[in-house]
Protein chains: 2
Amino acid sequence: MTTRDKLLAAAAEALARDGLSGVSARAIACRAGVNQALVFYHFGSVSDLLEAAVRRSVDLAVASYRDRFADVGSLGELLALGRDLHRMERRRGNVAQMAQVMSGAQRDPILAKAGRYAMQRWTSEIEAVLARLLPGSVVEGLVDPRGLARAVAGGSIGLELYAGVDRAGAESALDTLDAMGAVLAALDDLGPMATRAVRGRVRRVIG
Amino acid sequence: MTTRDKLLAAAAEALARDGLSGVSARAIACRAGVNQALVFYHFGSVSDLLEAAVRRSVDLAVASYRDRFADVGSLGELLALGRDLHRMERRRGNVAQMAQVMSGAQRDPILAKAGRYAMQRWTSEIEAVLARLLPGSVVEGLVDPRGLARAVAGGSIGLELYAGVDRAGAESALDTLDAMGAVLAALDDLGPMATRAVRGRVRRVIG
DNA sequence: GTCTATACAGAGATAGAC
DNA sequence: GTCTATCTCTGTATAGAC
């Protein structure tokens, strides 16, 4: 393992565990077991190191789910995968990492770039699946796959932050979202005649 | 306006505008037009000042919506109010403020207390309305009012952070959530017989 | 209550020996 | 590529005059 890789791994870990205010060139280098000056030699600045680390994390994570995304055949299955994915990415610290980067993005344009990249990677992956599954469902034409993908990814970040101040509260929020998703998935399963009826009704009310 | 109040207002502004990494005793005092040492005289530490500022912001904001929450009579109206509220609170910077506090909460227990308090205030307000409106709707017994309130509040935080790195993306996410809410509100309006049919179907599928 | 001055810790970053 | 040493800046916090 090269020093570069050690720094990348340590940066990702530090960001997830200690948050933005807990990361510094010194803290990261210490965690990596190397000298502090090497952060600047290899990456130029702490922000640039963090950006590289986030890109690497998200690239690895997205790749590890590619197959499972491709296998999803229904909204119910997608829901189950989403629950799995969120749980796993939380355990890996990737959601926390994202949350910290996005909150730092307000001030630091380099972190903003990293956050934008990460969100784009996740949302485009989710969007592809939704674009495949939504047509034919009750909400076809009513719900935009891209917008929904973005809402899911963005909302996950918020729930992770919420979990940081109230674990049980965030869990109950996730359970409820699961339930609501299940309702939609069940509606999706109503049969063609009922689906048309519901859809028509919704269209009339929304206008 | 007392120095204390000037500091509270300046802290809230600084947090919303510049983010956690942009706030410091010096930055806040400068914005308030007072001396830096007064932060410590009046509040003891920067974190304690931030906590007080957040509590004040959320208390004011929640109070300003109390009447409108009480007037809501249907899920459709609640949806419209929610959209209004989120837009207004964003403009006031209160959502950004919350996002920063929650991301700093990972490291700082005082900020964690502030974040917990703020979330609790918002969610209990939303929960009360939902508890009044959900009974009789399609999702009665399937969706927990408290969990949904928490999901909405938590999700808003995430979408605000997302807006910080991709404004247009976050807008499209919000639009889509509006659309999904409208679908649920429309379902709510199906009439008793259809409602029973859908509910039964959903119950069978979910188990 | 408010100010000046200052102690002190930790940050980012660079220079230069090895 | 890696290390030591160091510069400089910014932050928190306190002491003490007014």
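None of these values were measured; they are calculated from a predicted model.
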Does the side chain of B:Gln100 come within less than 4.5 Å of B:Val23's, by heavy atoms?
no

Check the orientation of B:Phe69 and B:Trp122. Use parallel for under 30°, tilted for 30 to 60°, and perpendicular for over 60°.
perpendicular

Over how many whole Å does the gap from A:Arg4 atom CZ to D:dT2 atom P extend?
11 Å

Are the charged groups of A:Glu125 and A:Arg121 less than 4.0 angstrom apart, N to O?
no

Is the number of heavy atoms from other residues, nucleotides or ligands under 6.0 Å of A:Arg17 CZ greater than 12?
no

Winner on side-chain proximity to B:Val34, out of D:dT12, C:dC3, C:dA11, is C:dC3

Taken to the nearest whole Å, NZ/A:Lys6 to C1'/D:dC3 is 14 Å

Determine the contact category for B:Val46: base if any of its heavy atoms lies under 4.0 Å from a base atom, sugar-phosphate if only primed atoms, P, OP1 or OP2 are that close, otherwise nothing.
sugar-phosphate

Whole-Å distance between D:dT4 C1' and A:Asn35 CG?
8 Å

Let me know, please, whether B:Thr2 or B:Gln36 comes out on the 5' side of the other along DNA chain C by nearest nucleotide.
B:Thr2

Rounding to a whole Å, what distance do you find between B:Leu38:CG and D:dG16:C1'?
14 Å

Can a donor-acceptor pair be found, under 3.5 Å and without considering hydrogens, that links the side chain of B:Glu140 to the backbone of B:Gly136?
yes

Counting only side-chain heavy atoms from C-beta out, which of C:dA13, D:dT12, C:dT4 sits nearest to B:Ala25?
D:dT12

Assess whether one donor atom and one acceptor atom, taken from the side chain of A:Arg26 and the base of C:dG12, lie less than 3.5 Å apart.
yes

Can you tell me which nucleotide in C:dG12, D:dT2, D:dT12 comes closest to the side chain of A:Phe40?
C:dG12

From OH of B:Tyr41 across to C1' of C:dG1 the rounded distance in Å is 5 Å

Rounded to whole Å, the CG-P distance (A:Leu7 to D:dC3) equals 10 Å

In whole angstroms, how far is the P atom of D:dT12 from the CZ atom of B:Phe43?
15 Å

Phosphate-side-chain proximity, B:Ser45 and D:dT12, N/O vs OP1/OP2 below 4.0 Å
no

In this structure, how many angstroms lie between the C1' atom of C:dC3 and the NE2 atom of B:His42, rounded?
12 Å

Side-chain N or O of B:Ser24 versus OP1/OP2 of D:dG11: is the shortest distance under 4.0 Å?
yes

